[in-house]
Amino acid sequence: MKDECPPDVLSRRLGYLLKHAYVAMAAEMEAALAPFRLLPRELGVMAVIAASHEQPSQLEIAARLGVDRTTMVGVIDSLESKGYVERHRSDRDRRRNVVTLTPAGQVCLKEAEEARERVERDFLAPLDETSATALTEALLTLHVAQSRMGRTPLAGPGPCGPSAPGGPAGELVGE
């Protein structure tokens, strides 16, 4: 069943192909992150915190990922209960509450990112390096274009591009 091709009538439908690729990758990603007690979304949040030049607030993280405030509170609560992040007053501006990685969170992030990279590498293994890079860049281009047009629920402010924190594939299942 693994090598089964889609029905001819669906074999060129972008939505069908993207959905099935996403479902397969998401399942692999969840399994790879299970030993770290992380969901892909939580890993994405941790990556954004680590990549931030300044200590980000919960609202800034939510905006960066295009996640609503209520969802972000739940994600941060979960990460905090696992001991991976902590909320506290900003060192620079006592009026701001920020979220930072704990030492345990930093270790977890490093190891979980290695697992994420393995999953992505294995997922893209059927493609040669040029095709894998082209796919990733094409998906990033579509994401940025849709965000600029306000057509995606993941649209959030912040710089986008191949050098964006977390890499271009980070939001697919690592949001």
Heavy-atom side-chain contact between [X] and [Y] under 4.5 Å:
{"X": "Val67", "Y": "Val75", "value": "no"}
{"X": "Pro40", "Y": "Leu33", "value": "yes"}
{"X": "Arg92", "Y": "Glu54", "value": "yes"}
{"X": "Leu65", "Y": "Met72", "value": "yes"}
{"X": "Val144", "Y": "Arg148", "value": "yes"}
{"X": "Asp122", "Y": "Glu28", "value": "no"}
{"X": "Thr130", "Y": "Thr133", "value": "no"}
{"X": "Val119", "Y": "Met29", "value": "yes"}

Kindly give the heavy-atom pair with the smallest separation between [X] and [Y], and that separation in Å.
{"X": "Ser90", "Y": "Gln55", "answer": "CA-OE1, 3.9 Å"}
{"X": "Leu38", "Y": "Ala112", "answer": "CD1-CB, 3.8 Å"}
{"X": "Tyr16", "Y": "Pro7", "answer": "OH-CD, 4.0 Å"}
{"X": "Ala32", "Y": "Pro35", "answer": "O-CD, 3.3 Å"}
{"X": "Ile76", "Y": "Gln58", "answer": "CG2-OE1, 3.5 Å"}
{"X": "Leu109", "Y": "Ala50", "answer": "CD2-CB, 3.4 Å"}

Supply the atom-to-atom distance [X] [atom1] to [Y] [atom2], rounded to the nearest 0.5 angstrom.
{"X": "Lys19", "Y": "Leu14", "atom1": "NZ", "atom2": "CG", "value": "13.5 Å"}
{"X": "Leu135", "Y": "Phe123", "atom1": "CG", "atom2": "CZ", "value": "8.0 Å"}
{"X": "Leu127", "Y": "Thr136", "atom1": "CG", "atom2": "OG1", "value": "8.5 Å"}
{"X": "Leu39", "Y": "Glu30", "atom1": "CG", "atom2": "CD", "value": "6.5 Å"}
{"X": "Leu101", "Y": "Cys108", "atom1": "CG", "atom2": "SG", "value": "9.0 Å"}
{"X": "Leu18", "Y": "Arg13", "atom1": "CG", "atom2": "CZ", "value": "14.0 Å"}

Query raised in the report: Taking the side chain from Ser78 and the backbone from Gly74, do they hold a donor-acceptor pair closer than 3.5 Å?
Result: no
Report task. For Arg69, look at atom CZ and say whether over 12 heavy atoms of other residues, nucleotides or ligands are found less than 6.0 Å away. Result ->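 Atom CZ in Arg69 is not packed in, count stays at 12 or less.
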Query raised in the report: Does Glu129 CD have over 12 foreign heavy atoms under 6.0 Å away?
Result: no
Query - Verdict with reasoning, Arg121 to Glu117, per salt bridge (charged side-chain N to carboxylate O under 4.0 Å, His left out) - result: CA-CA 6 Å; Arg121 189 173 46 251; Glu117 289 171 6; 5.2 Å; no
Requested in this report: Go through the steps to decide whether Arg87 and Glu80 satisfy the test side-chain contact (heavy atoms from CB on, under 4.5 Å), and finish with yes or no.
Outcome: CA-CA 8 Å; Arg87 297 172 172 117; Glu80 193 172 43; 2.6 Å; yes
Query raised in the report: Among Val85, Val98, Ile49, which one satisfies side chain to side chain contact (heavy atoms under 4.5 Å, CB included) with Ile61?
Result: Ile49
Under 4.0 Å between a Lys/Arg side-chain N and an Asp/Glu carboxylate O for [X] and [Y]?
{"X": "Glu42", "Y": "Arg37", "result": "no"}
{"X": "Glu120", "Y": "Arg116", "result": "yes"}
{"X": "Glu60", "Y": "Arg64", "result": "no"}
{"X": "Lys82", "Y": "Asp77", "result": "no"}

Query raised in the report: For Arg94, what residues pass the side-chain hydrogen bond (donor to acceptor under 3.5 Å, both in side chains) criterion, not counting sequence neighbours?
Result: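 Partners of Arg94 by the side-chain hydrogen bond (donor to acceptor under 3.5 Å, both in side chains) criterion come out as none, since no residue qualifies.
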Query - Residues Thr100, His88; criterion side-chain contact (heavy atoms from CB on, under 4.5 Å); working and verdict - result: CA-CA 8 Å; Thr100 57; His88 56 87; 3.0 Å; yes
Query - Pair Asp128-Ser131, side-chain donor/acceptor within less than 3.5 Å - result: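 Ser131 and Asp128 do have a side-chain donor-acceptor pair below 3.5 Å.
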